[in-house]
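Structure first, then comments.
Each chain gets a letter, A, B and so on, in the order its sequence line appears, and its residues count up from 1. All figures in this text were calculated on a predicted structure; none of them were measured in a lab.
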Number of protein chains: 2
Amino acid sequence: MQPHYNLWIEIDGQVVLSLWRAELLRAVARHGSISAAAERIGIPYRTAWQKIHEMETRLGRKLVETQTGGSHGGGARLTPTAALYLEQFDRFAHDLDRFIAESFAANFHLPD
Amino acid sequence: MQPHYNLWIEIDGQVVLSLWRAELLRAVARHGSISAAAERIGIPYRTAWQKIHEMETRLGRKLVETQTGGSHGGGARLTPTAALYLEQFDRFAHDLDRFIAESFAANFHLPD
DNA sequence: AGGCGTTATGATCATTCATCATAACGACAA
DNA sequence: TTGTCGTTATGATGAATGATCATAACGCCT
């Protein structure tokens with residue numbers, strides 16, 4: 001019996017960032033490509049690309065700088081904007097994670 | 001640009017309580033029937049009943065005491081167990097709501 | 001010139017969720 | 001006693017979302 005949560009940010013009712021999306025961006029930054037990030041997380045490349053594209057259009061900002069062709073076939077890396085978003089969101093999520101663990105233990109006691 | 005969240009509790013990877021489900025239980029308690037609660041929330045009766053049934057089977061406890069037929073056709077009310085769960089969950093959710101508003105304001109500043 | 005791994009995007013499939021429809025029930029009134 | 005009404009309970013269907021498969025384009029390197 002464990003508490004779970006999700007956290008996301010909306011603009012005009014549309015999700016532009018979430019825990020899962022942040023993890024995706026982090027994986028892109030770490031591996032240098034969308035395809036490697038997708039494989040690492042365990043989702044199809046198509047899904048990863050769609051989510052990133054969705055975030056970009058909703059935010060109206062470029063989050064990932066991509067490049068096709070080349071010695072390793074291409075790649076992707078975060079824009080400075082994306083890196084900043086990600087850093088702030090991670091801090092936020094980290095604080096929340098601690099709070100939830102504490103508050104659940106303090107407030108929630110099962111009846112038998 | 002606003003933060004949103006969901007909060008739920010799982011047992012063996014299955015959801016047994018969530019913000020939305022808590023609202024449903026609250027509506028049942030307030031209106032005295034599942035159908036009235038469903039109409040109030042704006043979902044079909046079938047959906048409401050399914051969710052409640054799902055919670056009960058997953059928890060292995062009866063949450064809603066129902067009655068068919070009778071002067072008003074029947075009705076439903078929360079069991080003491082459900083009332084206790086609901087009360088604790090609501091307190092938890094309320095604390096979380098305040099924390100998120102504060103933490104978001106403190107941590108999240110947009111680039112331009 | 002050809003191969004390779006990547007981005008980009010169309011098309012299809014599956015799974016979940018919402019909705020419609022129907023049966024059973026029991027108090028009350030006629 | 002019989003019919004009506006609003007509820008619970010459950011089967012069956014439809015819609016929408018998300019995951020997955022398949023294909024084209026690109027550019028460096030051998």
Qualifying residues under side chain to side chain donor-acceptor pair (under 3.5 Å), relative to B:Tyr5, sequence neighbours excluded: B:Asp97
Side chain to side chain donor-acceptor pair (under 3.5 Å) involving A:Ser35 - partner list, sequence neighbours excluded: A:Ser33
Residue-level proximity of residues 28-40 of chain A to DNA chain C when a heavy atom falls under 4.0 Å: A:Ser33, A:Ile34, A:Ser35
Contact check, side chains of A:Val16 and A:Arg58, non-hydrogen atoms, under 4.5 Å: yes
Atom-pair distance (CD on A:Glu56; C1' on C:dT7), nearest Å: 12 Å
Listed partners of A:Asp90 passing side-chain contact (heavy atoms from CB on, under 4.5 Å), at least two apart: A:Ala22, A:Arg26, A:Leu86
Distance below 4.0 Å between B:Trp49 side-chain N/O and D:dT8 OP1 or OP2: no
Non-neighbouring partners of A:Asp95 that pass side chain to side chain donor-acceptor pair (under 3.5 Å), sequence neighbours left out: B:Asn107
Residues forming a side-chain contact (heavy atoms from CB on, under 4.5 Å) with B:Glu10, sequence neighbours excluded: A:His4, B:Trp8, B:Val15
Distances for protein N or O near nucleotides 18-25 of chain C N or O, under 3.5 Å:
residue : atom : partner : partner atom : Å
C:dC25  : O2   : B:Gly69 : N            : 3.1

Nearest-Å distance for atom pair CD1/P, residues A:Ile52 and C:dT6: 14 Å
Sequence-distant partners of B:Ile43, side-chain contact (heavy atoms from CB on, under 4.5 Å), two or more places apart: B:Trp20, B:Ala38, B:Ile41, B:Thr47, B:Ala48
N/O (side chain, B:Thr66) to phosphate O (OP1/OP2, D:dT7) under 4.0 Å: no
Any residue of residues 2-16 of chain A with a heavy atom less than 4.0 Å from an atom of DNA chain C: none
ring-ring contact (aromatic ring centres under 6.0 Å, His included) pairs, two or more places apart, involving residues 52-82 of chain A: A:Trp49-A:His53
A:Arg77 CZ - C:dT6 P separation (whole Å): 17 Å
Partner set under side-chain contact (heavy atoms from CB on, under 4.5 Å) for B:Arg30, not counting sequence neighbours: none
B:Thr66: partners by side chain to side chain donor-acceptor pair (under 3.5 Å), with sequence neighbours left out: none
Aromatic ring pairing B:Phe92/B:Phe89, orientation class (parallel under 30°, perpendicular over 60°, tilted between): perpendicular
Spacing of A:Gln67 atom CD relative to D:dG27 atom P, expressed in whole Å: 9 Å
